[in-house]
Protein chains: 2
Amino acid sequence: MSQTVDRALSILPLLAQGPADLGQVADRLGVHKSTALRLLRTLHEHGLVHRQQDQRYRLGARLFALAQEAVENLDVREIAHPHLTALNEEIGHTVHLAVYEENEVLYIDKVESRYPVRMYSRIGKPVAITVAAVAKLLLADLPEPERRAVAEKLDYPAYTSRSTPNAAAFLKELATVREQGWATDLGGHEESINCVGAPVRGTDGRAVAAMSVSAPNVVVTAEELLTLLPLVRRTADAISREYSGTAPVGTAPGTAASSTTVPSNTAPSTTVPSNTAPSTTVPVKDTSEG
Amino acid sequence: MSQTVDRALSILPLLAQGPADLGQVADRLGVHKSTALRLLRTLHEHGLVHRQQDQRYRLGARLFALAQEAVENLDVREIAHPHLTALNEEIGHTVHLAVYEENEVLYIDKVESRYPVRMYSRIGKPVAITVAAVAKLLLADLPEPERRAVAEKLDYPAYTSRSTPNAAAFLKELATVREQGWATDLGGHEESINCVGAPVRGTDGRAVAAMSVSAPNVVVTAEELLTLLPLVRRTADAISREYSGTAPVGTAPGTAASSTTVPSNTAPSTTVPSNTAPSTTVPVKDTSEG
DNA sequence: ATGGTCGTTGCAAATATTGCAACGACACTG
DNA sequence: CAGTGTCGTTGCAATATTTGCAACGACCAT
């Protein structure tokens, strides 16, 4: 609601795409050059933008530092990480951790299938919210009205023929996910990639994060991947327990009384979902690969 | 120089210390609650701050996404190139820039020597990973398990009698490189070619690239080439600084800074490895510039 | 029920921001 | 080498924007 700040902050995502000079910033902001200059100066004083030697602006070191602190404050990630790597070492596939925030789902951690690759590979980017397993899990957990509102505001890109086509289908899928407590993405984003995921829940039972395992068709079929579901759920539950148990309730003046209650079932169901097949038909009929 | 934006941006480092409610933000900003509220709202609309269930504000994940996007769009080569050419013009020898990717080290930029004798290398082609200075630098920076895994999977061709013979020798060399912060290739790839290199580091301290200076024996001896090491390291550090977006330290809120930003000089810590010399003792104290 | 805190909103005053025009610096071109 | 263009920068007046206040409703605790 503050025009000046609004304009200034609009510069950030603009510069995230790459360096830009004053004129470009002013144009894409729709303001006079002098205005853009003063805005950039303020941003610069705070270290959020950096001026390189060719006088062009780009995002500055301070922003990276802040981002660093921002993720460190997400203690879910710290708690989850060992579990993710353990799972990765057991099954070998790529493991993701994601959170929902402000109508977006963001990867906040990732363990590559090959080696413990650095965190800066893909995390931090918004996920394909209409198809990703983690996105389904997180959105399915939203209260009904918000869930509906978000679903109807989204675009539904047809990444593949299996992508979620529209809001109605998405909401139906979310209902299924909500009921069964896990989610899949079977070629919805990339034709040959399948995922299975499960939610991480806090003390109040709400999903604070979601994790998933991804593998290409050529390595494991969708059916084989679903075999790993119990393992995935067990890992997610383990993270949930540790997250809930630590009870990182800050200096909240007032509602500090929260019984350490594990939300749902603590009993890890070792049941292979072969018979527990989801209502939506599992398209294990591969197109090309066998 | 924009008060509104200045105040708004001051909220960010404030929230980086931990979640805070409206009153706390207003107090520590020195403004009325209503003002703080409107600023926070604007920040919120841009996803830079997030409101948790207890209505307190904390840094938003979008901040992280923003930084992530910026890093991905950062072009090391673009930033490094002017520095490389400058170095080349000063010393005349061939300068290389390389990155590590998928178990390979690739040259991504090269400034040719102005001497008639040139060495063979091609931008985009993998380097001799077991002997090249840039390869040593980049591999030395990998986490221990991955470093070991990569080293043991490599072939160790005997390009010359000085080539790295096996994984054990290579890992030992990498340990040395890791400790001293620079690397050499003394006739390990071609008998008559020597190189000295230094790493380019990002905000997180990781080596995002490595650069080296190469010269044939007939032009300069290995000892003479090592004389250039401080210059190489300084160049690499300069690139690192620019790549990281090092900006003048943010002024304290309320303290008005001078008109134009004074270029902060004095490199942080450019430790010249004078006495820390490895096998070959280099009598280097200082270079031309002071 | 009551007093306290906290977040939120409307409004008028006033401050801070905006756009303009002009300047100096620089690069490129004729 | 002058000329023309772009680019970043600054002072200034007009104005739009922000600000602080006071009051309201919600909530919690006493």
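We use all heavy atoms of the structure for the numbers below, so side chains are in, but hydrogens, waters and symmetry mates are not. Order of the sequence lines fixes the chain letters, A, B, ..., with proteins taken first and strands second; residue numbering starts at 1 for each chain.
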Between CG of B/Leu22 and P of C/dG7 the distance, given in whole Å, is 5 Å
Quick one, A/Glu102 with B/Arg62, criterion salt bridge (Lys or Arg N to Asp or Glu O under 4.0 Å). Give me CA distance, side-chain angles, the key distance, then yes/no. CA-CA 9 Å; A/Glu102 314 290 342; B/Arg62 177 114 205 130; over 6 Å; no
Contacts satisfying salt bridge (charged side-chain N to carboxylate O under 4.0 Å, His left out) that involve residues 9-37 of chain A (not counting sequence neighbours) are none
Walking DNA chain D from its 5' end, the first of A/Asp21 and B/Gly30 to be reached, judged by nearest nucleotide, is A/Asp21
* Heavy-atom count around B/Glu101 CD within 6.0 Å, excluding the residue itself: above 12? -> no
Here the distance between atom P of D/dT15 and atom NE2 of A/His32, to the nearest Å, is 17 Å
Quick check: are there more than 12 heavy atoms from other residues, nucleotides or ligands sitting under 6.0 Å from CD of B/Gln52? yes
So, does B/Arg56 get its side chain near the phosphate of C/dG7, meaning an N or O under 4.0 Å from OP1 or OP2? no
Can A/Asp141 and A/Arg206 be said to form a salt bridge (Lys or Arg N to Asp or Glu O under 4.0 Å), step by step? CA-CA 7 Å; A/Asp141 187 70; A/Arg206 288 203 37 173; 3.8 Å; yes
Rounded to whole Å, CG of A/Asp27 lies from P of D/dG8 at a distance of 11 Å
Does OP1 or OP2 of D/dT17 have a side-chain N or O of A/Thr4 closer than 4.0 Å? no
Residues of residues 34-43 of chain B with a heavy atom under 4.0 Å from any atom of DNA chain D, listed by number, are B/Ser34, B/Thr35, B/Arg38
If the threshold is 4.0 Å, N to carboxylate O, is there a salt bridge linking A/Glu144 and A/Arg148? yes
A/Lys33 atom NZ is separated from C/dA25 atom C1', nearest whole Å, by 14 Å
Taken to the nearest whole Å, CD/B/Gln55 to P/C/dT5 is 17 Å
Does C/dA16 have its OP1 or OP2 closer than 4.0 Å to a side-chain nitrogen or oxygen of B/Gln3? yes
Taken to the nearest whole Å, OH/A/Tyr57 to P/D/dC7 is 14 Å
**OP:** Mind telling me whether A/Tyr156 and A/Phe170 have parallel, tilted or perpendicular rings, with 30° and 60° as the class edges?
**Re:** perpendicular
Atom CE of A/Met1 and atom C1' of C/dG7 are separated, to the nearest Å, by 15 Å
